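Reviewing the structure listed below.
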Amino acid sequence: MKRIRILHLLKSDRPKDNVVIKGWVRTKRDSRGFSFLEINDGSCLKNMQVIADSSLANYEEIKKITTGSAVAVTGSLMESPGKGQQWELKAEKVEILSIAPDTFPLQKKRHSDEFLRTIAHLRPRTNKYGALFRIRSELSLAIHKFFREKGFQYIHSPVLTGSDCEGAGELFKVTALDLNNLPQKDGKADFSLDFFGMEANLTVSGQLSAEMFALAMGDVYTFGPTFRAENSNTSRHVAEFWMVEPEMAFSDLADNMNLGEEFLKYLTGYIMDACGDDLELFAKYVDKNLMTTLEGLISSDFTRLSYKEAVEILDKSGQNFEFEVGFGLDLQSEHERYLTEHYFKKPVIVYDYPKNIKPFYMRINDDNITVAAMDILVPRIGEIIGGSQREERLDKLETRMDEMGISKEQYWWYLDSRRYGTAPHCGFGLGFERLLMFLTGVINIRDVIPFPRTPNSISF
RNA sequence: UCCCCAGUAGCUCAGUUGGCAGAGCAAGUGGCUGUUAACCACUAGGUCCGCGGUUCGAGUCCGUGCUGGGGAGCCA
């Protein structure tokens, strides 16, 4: 008989006979003559309370069931006479699929996030991480739904790349050469003998691929893993993370800001709607202000101001910042958080940054000093979206690449898009994990990705 | 990579001035007629992160290494 998921069973509007559930025992409470089993199957936060009577043939075995054991229960769904749950399952058969020995590391009480990271393979069996990864799954779906409704097409940008893209961060090198016996040429490794005949890396961004496709298919997006080999040891960085990168043809920076704002509001509303029970756990135990923050994002118009105005506000703030504020200097975490958390108290979009702190592909403004860039800042996270209008004019792009010492030969294909039917276009990148942190109130990025990759840590 | 903090039972943590290694939960045994992170009693459980030093005596003080965390930079 096919198992029914606890999520669906708990939504039943009437008693049901002959149902089968399969899952893991969260806790067992024995009474004289019968036992209560709390079963969780991962389909939802709630457990199914199972009543196992001593009249069951294998009751002596049932009494030995431990936390973490896997069971299949056949029985009748009945109204529960006890308080705390509407339904319970009166067992007719309890099949013990496997008993977890007493070394099972999860206790019924709360564990620290630090400890759970050391058993990342078991943490989805806890309430918090089960809820988190259900939200992660729903959020992925919501991203596709948003773009589909907007007429965007999904592009699979490559994971292996020959270019280093915007020079964003350190690269993970990819090779099929024998690292213990590297072929040498002029004292260096000879990658002409490697699989691709040249150096290859894991991608740091799908943007350049997305641009090529936007200039063919109109509106597109990528959503996939990206890799940075930076030795970052913070609660906001991992070496492998997922990024969403939309790219729109025939659009300018204002369109880009509008899309970013609409996108964040859609996703936040979607999760509040689709993940009520799971989100409630985070509002209750992780961040008491979570719902206020999320509702604030949905209901407010994001403040839009130029980088120049932002610097003026910071200058006049009277705050004692650790880092200097001034035109031409990048905004630091503390500056971004001051703007969104204290000064405006809502999401903020900063645009028109000085060109010297931004990459080569951003469109130069008429002042020849700033570029058409925009960052969206949200409370608690800081920068959650970074984007720009791209430089579509071939001569300006080449000049800028020369200035910055970027090889035009290597990017011949990128420049081709500006030779043949170039058009204004723009896009942005959103760190998927950072969005999850914002939506759940979780403060460490290692806790919103199934198996985090950080310096010195790739055991799982 | 830099600055700061921490490491005691399977887990969460206490351990006073340097003087017998502790509690709750988990585990085991027994009890309890409907429990809700059940409850009650009992049992068992320790390389006090590693190495070195000071001392009559170190979980406690000093040095060093490792691991984890917080903050910063880099960035998403």
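None of these values were measured; they are calculated from a predicted model. Here is the naming used below: chain letters follow the sequence lines, and residue numbers restart at 1 for every chain.
Across all strands, A:Phe34 comes closer than 4.0 Å to base atoms (heavy-atom distances). Nucleic acid contact class of A:Ser235 (heavy atoms, under 4.0 Å, all strands): sugar-phosphate only.
Ring-plane geometry between A:Phe360 and A:Tyr414 is classed as perpendicular, the angle between the planes exceeding 60 degrees on a 0 to 90 degree scale with a lower cut at 30.
A:Leu106 has its CG atom 17 Å from the P atom of B:A37, to the nearest Å.
Checking the phosphate oxygens (OP1, OP2) of B:A72, a side-chain nitrogen or oxygen of A:Arg236 falls inside 4.0 Å. Listed pair A:Asn444 / B:G70 meets the phosphate criterion, a side-chain N or O lying under 4.0 Å from OP1 or OP2. Dashed line: the shortest gap from a side-chain N or O of A:Arg337 to OP1 or OP2 of B:G71 is not under 4.0 Å. Applying the 4.0 Å criterion to OP1 and OP2 of B:G70, one finds that A:Thr234 has every side-chain N and O outside that range. In terms of phosphate contacts, A:Ser112 brings a side-chain nitrogen or oxygen within less than 4.0 Å of OP1 or OP2 of B:U12.
Taking 3.5 Å as the limit, the base of B:C75 and the side chain of A:Ser232 contain no donor-acceptor pair of atoms between them. A:Arg29 contributes a side-chain N or O that forms a donor-acceptor pair with the base of B:U35 under 3.5 Å. One can find a donor-acceptor pair under 3.5 Å joining the base of B:U1 and the side-chain atoms of A:Asn233. For B:C11, its base never sits under 3.5 Å from the side chain of A:His111 at any donor and acceptor pair. Within 3.5 Å, a donor on the side chain of A:Gln85 pairs with an acceptor on the base of B:U35, or the reverse. Checked by distance alone, A:Gln107 brings a side-chain donor or acceptor within 3.5 Å of a matching partner on the base of B:G10.
Here B:U36 sits opposite no nucleotide as a Watson-Crick or G-U wobble pair (both hydrogen-bonding atom distances under 3.5 Å). Applying the Watson-Crick and G-U wobble criteria (two distances, each under 3.5 Å), B:C42 pairs with B:G28.
Residue A:Lys46 forms a side chain to side chain contact (heavy atoms under 4.5 Å, CB included) with just one option from A:Asn40, A:Asp277, A:Ile6, and that option is A:Asp277.
Side chain of A:Glu391 to backbone of A:Leu397: no donor-acceptor contact under 3.5 angstrom is found.
A salt bridge is defined here as a Lys NZ or Arg NE, NH1 or NH2 lying under 4.0 Å from an Asp or Glu carboxylate O, and A:Glu38 with A:Arg29 meets this definition. One finds no salt bridge joining A:Lys284 and A:Glu280 here, because no Lys/Arg side-chain nitrogen approaches an Asp/Glu carboxylate oxygen to under 4.0 Å.
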